[in-house]
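To start, the structure under review is shown below, and the notes come after it.
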Amino acid sequence: MTHERRPRRRDRHGRGLRGPLAPSHVPMARSRSERFDDLVLDAVDRLRPQWGKQLSAVEFAVEDVPPLSELGDGPGMGADPVPFGRAEVAKGADPASIVLYRRPLEARARDRDTLGALVHDTVVEQVATLLGLSPETVDPGYDDRR
């Protein structure tokens, strides 16, 4: 007796999900990493009116976590051994870049507004490092939020 197997269905009625849970234009449909990317772009856009010329050759990127080489370990480390971002000067054909680390920033923030402010402060700090300026020079409101 041969028993032919039918393909498995998603549920016992064979329905499963009929479509997306939310339309693509609704904020709920965007992933957490896409929303984080938007916060980074907003922070950069807030700096462009004053620093657009200096930032035109800078690449901005987001990584989930910092590489192991950037993580500190052991005594003598500061209160925050996990970095929120890094700035790298241009080297040869590679342009200057600023990288923000999504997971450490999200872990530190208690809500979306706090995350937005933390992302903005991190972008300001990294731009300041790259340009050799103080964060208060890059964004005069930076010191008010501290």
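These numbers were taken from a predicted model, which means no experiment stands behind them. When a residue number appears, it is its place in the shown sequence, counting from 1.
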Dump the intermediate steps for side-chain contact (heavy atoms from CB on, under 4.5 Å) on Phe84 and Arg108, then the final yes or no. CA-CA 10 Å; Phe84 291 151; Arg108 178 60 68 86; 4.0 Å; yes

For the pair Arg35 and Glu106, find out whether any cationic side-chain nitrogen is under 4.0 Å from an anionic carboxylate oxygen. no

hydrophobic_cluster_shared for [Y] and [X], side chain cutoff 4.5 Å:
X      : Y      : value
Leu133 : Val127 : yes
Leu100 : Val58  : yes
Val119 : Leu130 : yes
Leu68  : Val65  : no
Val44  : Val89  : yes

Just wondering, do Phe36 and Leu105 contact through their side chains at under 4.5 Å, heavy atoms? yes

Taking the side chain as every heavy atom from C-beta outward, state whether Leu55 and Phe60 have any pair of such atoms under 4.5 Å apart. yes

Quick check: closest heavy atoms across [X] and [Y], and the distance to 0.1 Å?
X      : Y     : result
Pro67  : Glu63 : CD-OE1, 4.3 Å
Ala57  : Pro95 : O-CB, 3.6 Å
Thr122 : Gly85 : CG2-N, 4.3 Å
Val82  : Pro66 : CG1-CG, 4.1 Å

Using the rule given for side-chain contact (heavy atoms from CB on, under 4.5 Å), can you reason through Trp51 versus Leu131, listing the C-alpha separation, both sets of side-chain angles and the distance that settles it, and then say yes or no? CA-CA 10 Å; Trp51 302 100; Leu131 299 178; 3.8 Å; yes

Would you confirm whether Gln126, through its side chain, and Ala87, through its main-chain N or O, come within 3.5 Å as a donor-acceptor pair? yes

Looking at [atom1] of [X] and [atom2] of [Y], how far apart are the two atoms once the value is rounded to the nearest 0.5 Å?
X      : Y      : atom1 : atom2 : result
Leu39  : Arg102 : CG    : CZ    : 11.5 Å
Asp37  : Asp42  : CG    : CG    : 11.0 Å
Arg103 : Ser33  : CZ    : OG    : 11.0 Å
Leu41  : Arg48  : CG    : CZ    : 8.5 Å

Test side-chain contact (heavy atoms from CB on, under 4.5 Å) on Arg46 and Val123 and set out the steps. CA-CA 10 Å; Arg46 287 172 55 189; Val123 168; over 6 Å; no

Out of the candidates Arg86, Glu88, Glu59, only one should pair with Val99 under the side-chain contact (heavy atoms from CB on, under 4.5 Å) rule; please name it. Arg86

